[in-house]
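Computed from a predicted model, the values in this text were never measured in an experiment.
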Amino acid sequence: HPQFPFKVYVWAISPEERNKHDQKFDTLSPSMGYVSGEQARKFFLQSGLPSNVLADIWALADMNKDGKMDRLEFSIAMKLIKLKLQGTPLPSALPIIMKQPPVPAPSLNNPTSTMTSSAYGTMLLPLIPTMGNATLPNGTMGMLHPIPAGALTTGTWDLSASSSPSMMSPMAAVPSDWAVPHASRLKYRQQFNSLDKQMTGYLTGQQVRGAMATTMLTQTQLASIWTLADVDKDGKLKAEEFILAMHLVDMAKSGQPLPLTLPTELVPPSQRYSSSFSQYVVTVNLKSTLKLTVSKLFPPLCSVSFEDKFKANLERGNAELEKRRLALQEAERREQERRAQKEREERERREKEAREAEERRRKEEERRLERQRELERQKEEERHREIERKEVRGHVSAALTSFKALYPFTARNNEELIFFSIVPVSSCQVDETTEREEGWLYGSRQGKMGWFPESYVERVDRSDAANNTAAASPKMPLQSQLSNALEAAKAAGTKSAFTPTHSPNPISFYILTTTQVVGNLLAQALCSWTAKTDNHLNFNKDDVIQVLEQQENWWLGELNGEQGWFPKTYVTLLGEEESSDMKSSPPDAPESSDSLQFEEYVALYTYESPERGDLTFSEGDVILVSKREGEWWNGSIGDRTGVFPSNYVKPKEADTSSISGKKKPEIAQVIKAHTSTGSEQLNLENGQLIVILGKTASGWWLGELQARGKKRQKGWFPASNVKILGSNSGKSTPAHQPVCQVIAIYDYTAANQDEMSFTKGQLINVLDKNDPDWWKGEINGIPGLFPTNYVKMTTVDCDPSQQWCADLNSLDSLSPQEKKRQGYIHELLQTEERYVDDLQIVLEVFHKPMSESGRLNDAEMSMIFVNWKELLACNTKLVKAFRVRKKTGGENMPVQMIGDILAAELSHMQPYIRFCSCQINGATLLQTRTDSEPDFKDFLKKIATDYRCKGMPLSSFLLKPMQRITRYPLHIKNILECTAEGHADRGPLKEALERAEELCQQVNEGVREKENSDRLEWIQNHVQCDGAAEHLVFNSLTNCLGPRKLLHSGKMFKAKSNKELWAFLFNDFLLLTHAAKQFTSSGLDKLFSNRNNVQLKMYKPPVLLNEVLVKLPDPSSDEPTFHISHIDRVYILRTDNINERTAWVQKIKAASEEFIETEKKKREKAYQARSVKTSGIGRLLVTILEATELKAAKPNGKSNPYCEVTMGAQIFTSRTLNDTLNPKWNFNCQFHIKDLYQDVLCITIFERDQFSPDDFLGRTEVPMATIKKEVENKGLVTRRLLLREVPTGEVWVRLDLQLFGNK
């Protein structure tokens, strides 16, 4: 290298090295002065260098390319091997100095290669190679002898200081050729001229950086190229230096390594004569006598050496690095402080919210208690007023009712009435208008009057009562006796604790203590009712019924001369408000503290819990509830107390059989005293009477203590301390009263014993609707479970609009339509939460123990549960999106937008296609194993007793995904119907409805095309897709063509190699595979058989059909071959016959055209949506600058991200950047603002996939109100937004809000 003389000698071969090389050459037994390529190859391989490196060395050393080596070529190869082993990169072209005879390396102490000048110090004289094979006059071959030290002063040499171009041009000290190709010189010279707009003759670092920014090289490579190209180290690039730099860029992009130092052949010609010190040039004149001319080209070297400059630059670089390190530490410290401050503020905010919530709860509880106290005061005042009115008014005439004794009763004081045996003679007359205590009656028998327990007697039919009344004393005197006796008791100072049970009315039927007797009330039937027992009343829809009596849930009525009981939910009162339903409980009937405290409930499901303090029970157990607060209540069963979940129980239904007089409760008498150990137990004294309400197997009974004049008390008592006085009589109570009535919209056939079948249009009475997916009902008296998505409500039973909001002020500010909309949104969110809980229960309660038990192998587990975890992942992401949206708008506040989340997430529900397609096989396997293996059936039944299952078997849970998919269109339709025209959510909701219906259609198609699904599953299990750009799931959605379909498959061959291939044509790509082991298959049925265990490997990457071209080679040829062109690759394939080739070509062409047409329509739709002109109150300019730390979606730890920015129906999409987690889009878009308080800017980032819908990488939302608050009066602002619903990622945006007319 002329600029650095010692660098040239790196490649020089010394005489000592040449001697060694010659010795090695001789050991190889050269023939005719050459060693063959095979001899040299064996010898060179002993160096340990790779074969490809040795091949590069051979290409450099074999100068004449004859495939053999002489001594010089062998020596060059040995020298290159040595340098390569020392770490020196191979040159791109053979250095000229290696072609010369060996010379000793230069040394400053060697007088033969240096000359001294008093004026310029020590100088190195470069060696001058000959031109071609010319011989100098003195016989020296291509090499000058070194200049004697005194030659400069003796005048032997012709020295000239001229530096004119004429002196420089003929110099032979450097090679005349430049390694940069001529075409590159012209190309980059034009680029240099275009960049050098000021005609300065050089480019600055900033200009060059702009030119190299698009090269896609790393910063390290660009820095190395700059160092090599800036030959004169002036911080600027002249034209030749710029050309050299761009040539090095081309080398790097083609994969060639960059040299550590610039080789001689790459040095620009104009730079080859410069040096870091004064340099002289020796020229050779071959036409005359030898004449050397030394010319001084540049001034002497400055006093600062290159090492000093290098050291100074190194120090400055270290100082700059230290400065940057300190700045980075300071930035990290500030960031940590900012995060700590943010966490502290967030913690304080949460604590403040908790305090405020607790304060609100406390105030609400105080208001509730105050309202309750006020209500009690009003009831007490009303009771006193009623008593006063009756005392003033006196006792009016009342109808007497006849009762007969069921059990003997002994009067314990003068106020009570005695009777003995159960005979018609032992009857009494009762005036039920008398003020009395609940459970006690006041009547006369054989001229004696007194009190007796109501439970000890039974009402006599009216016909019998008439006979008894005729046989007794006259009616009016008896009434007078009863009234006079009551007045006498009052006059004697006896305080009465009795209250009237109904308003005075001359008409009374079947009077009971809990009965509300009414006048001429009329009710109209909402729907038909068929009697279940002989004391029920039949009626049809719209019949008008006279209501005679009102119980809590059952009413007594008369129609067409017939009387009977019927459920009150089947009628509506004429001319009365719905609030009249509350008449079933008298307003002036006082409730004791005990009856308020203890209430009876019945267990709906078995509850088991390992927690201490929990009350466990079985389905059907009676529980005495002592405290109802929140979701966990306190209760007792016998001597056990504890807490339990409130949704596991329901109120115990009233024993309505006593209404008809057909059944009396059991009465027990205390025979042994008992002292209670808690408030939920009864204190018993000998002789006391107890009405038995419930029994348990543990020996504890639930009863109500009968003691006149005392508070009635319910509680538990030991059964051994009492005796039963008699047995029940009469028929059983009516069935559970229906909660509501629904109508079937589809036929349904029961799949299990506990389910019910019905046909479309049939009416079903709903008995229990605690489970959102499966309700309990009955048809014609036959109960059973049925799926809720097969029915619809006959009437609107409840208004869901008030369930979502705890803030009454917020609720009152909404329109009725918006209230209903928010109610449906709340219903969607609540049911989605419960559905995700059910999916999780299946994994924990069923999947885990079934897998661990070893009763099922992996294949069977996969067949039953399919991809259950993928379903859970899909719906968990949907629930998280709902929670983020609720949190953004505020808890218990209206949700403005819900359609965009549904539209986005429903497009990623493709795992349901696979599950629903394969679920039939799983259900069949489960049923087969259950029927054939009793042990397996018992095992499933045992694990299903977990309290979280609520009594449902695994088969019911496996149906929930299909049911949930069919519910989405119904939910969205309800919300859409309540969404006004022009609402920002209407467009996204319509899109979401399309997606939901499309998903249902795809699932239905998947179920119908079970064969296609089975074959896709077979391909998934038998084709190894190693090396694919993304994970392939065959039985799923394609990117834009809906579910994947297998269109054609079969065997074909490569035309040239005759390699056997198995091809699978899908609707989006063609897959070529080959068998790992050779196998024979006579047809596709054998290929896709489950018994076929063949394993196929992917032959080439999948061929996308929108990039493919199919053509026949020669139409006249009988050879069954065809060509498939894909980008830069062509496949020539052969089938077994012409017919098969025709089928393949036609099917590939049709699928390709369908793919291309679908993409075209998609682009046109997006263009039309963007081109619609809109107006508003302002506009928002958004620039998506970049995203950082995105989630990796590809196996290589990278992603292909693109950004989608939306505001309502307005949508913009950025370009896709490949293989990066930190994309820099710098993407601009503009939105028209319609409403500052409803519009929301939504930024979503996706991973561009080829074979499946684009993957979700995160979403962030900013309400326009927030943007206005931050941007107002600030102009452009840049914000960093965290991505939601993903573990990592953030996006940087620039916002510019412009409101029209200062709105």
Side-chain angles (χ1 to χ4, degrees), residues 525-532 538-543 566-567 569-572 735-798 800 824 827-828 831 835 912 916-917 919-920 923-924 927 952-953 955-977 993-994 996-1010:
L526 296 172
C527 52
S528 301
W529 161 254
T530 302
K532 305 296 186 298
N538 282 303
F539 53 80
N540 297 319
K541 184 179 179 182
D542 297 329
D543 285 350
F566 59 89
T569 54
Y570 278 67
V571 299
T572 180
H736 297 339
Q737 71 272 15
V739 178
C740 61
Q741 194 173 50
V742 295
I743 186 169
I745 56 177
Y746 309 108
D747 295 342
Y748 181 73
T749 303
N752 296 299
Q753 294 180 353
D754 58 348
E755 295 176 9
M756 60 189 296
S757 301
F758 49 80
T759 58
K760 181 178 179 181
Q762 207 166 0
L763 288 174
I764 304 170
N765 297 319
V766 179
L767 305 177
D768 184 1
K769 52 191 295 187
N770 289 321
D771 191 304
D773 297 321
W774 289 85
W775 289 356
K776 186 176 182 180
E778 59 93 12
I779 300 177
N780 299 327
I782 302 175
L785 297 175
F786 63 91
T788 57
N789 57 336
Y790 276 68
V791 300
K792 69 176 181 179
M793 306 297 293
T794 55
T795 58
V796 180
D797 288 87
C798 62
Y824 286 129
E827 181 184 6
L828 170 63
T831 54
Y835 173 62
Y912 279 90
C916 296
S917 300
Q919 196 267 336
I920 299 175
T924 303
Q927 188 66 40
M952 287 195 300
S955 57
S956 297
F957 279 100
L958 293 178
L959 291 174
K960 283 183 178 286
M962 175 73 85
Q963 295 168 347
R964 187 60 187 168
I965 284 295
T966 59
R967 297 289 295 182
Y968 285 128
L970 301 177
H971 283 300
I972 297 172
K973 282 180 181 177
N974 288 337
I975 299 173
L976 187 59
E977 288 175 358
L993 181 59
E994 291 178 4
E997 292 175 342
E998 181 183 2
L999 180 61
C1000 291
Q1001 182 181 0
Q1002 291 166 355
V1003 169
N1004 291 333
E1005 289 178 359
V1007 174
R1008 286 195 298 267
E1009 298 179 3
K1010 184 175 180 300

Evaluation steps, side chain to side chain contact (heavy atoms under 4.5 Å, CB included), between Thr788 and Lys769: CA-CA 9 Å; Thr788 57; Lys769 52 191 295 187; over 6 Å; no
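In this structure Phe758 satisfies the ring-ring contact (aromatic ring centres under 6.0 Å, His included) test together with Tyr748, sequence neighbours excluded. Qualifying side-chain contact (heavy atoms from CB on, under 4.5 Å) partners for Thr831, counting only residues two or more places apart in sequence or in other chains: Glu827, Arg834, Arg964, His971. Tyr835 is linked by a ring-ring contact (aromatic ring centres under 6.0 Å, His included) to nothing, counting only residues two or more places apart in sequence or in another chain.
Remark: the backbone N or O of Ala750 is paired with a side-chain donor or acceptor of Ser757 at under 3.5 angstrom. With hydrogens and angles ignored, the 3.5 Å screen pairs a side-chain donor or acceptor of Asp747 with a backbone N or O of Lys760.
Taking every heavy atom of both residues into account, Val571 and Ala525 meet most closely at CG1-CA, 4.0 Å. Cys1000 approaches Ile965 most closely through the heavy-atom pair SG-O, 3.3 Å. The two residues Val791 and Ile745 have their closest heavy-atom pair at N-CG1, 3.9 Å. Leu959 and Gln919 get closest at one heavy-atom pair: CD2-NE2, 4.3 Å.
In this structure, CG on Asn1004 lies 9.0 Å from OG1 on Thr966, to the nearest 0.5 angstrom. Taking CZ of Phe786 as the reference point, atom CE of Met756 lies at 6.5 Å (rounded to 0.5 Å). Here the OG1-CG distance, from Thr569 to Asn765, works out to 8.0 Å after rounding to the nearest 0.5 Å. Between the OH atom in Tyr912 and the CD atom in Gln1002 there is a gap of 14.0 Å [rounded to 0.5 Å]. To the nearest 0.5 angstrom, Phe957 atom CZ is 11.0 Å from Gln963 atom CD. Of the inter-residue distances, the one linking Ile975 atom CD1 with Leu993 atom CG reads 10.5 Å to the nearest 0.5 angstrom.
Residues Trp529 and Tyr570 bring their aromatic ring centres within 6.0 Å.
Considering Asp754, Asn752, Asp771, Asp773 as possible partners of Met952, the one that fulfils the side-chain contact (heavy atoms from CB on, under 4.5 Å) test is Asp771.
Here the side chains of Thr530 and Asn538 are in contact, with some heavy-atom distance below 4.5 Å.
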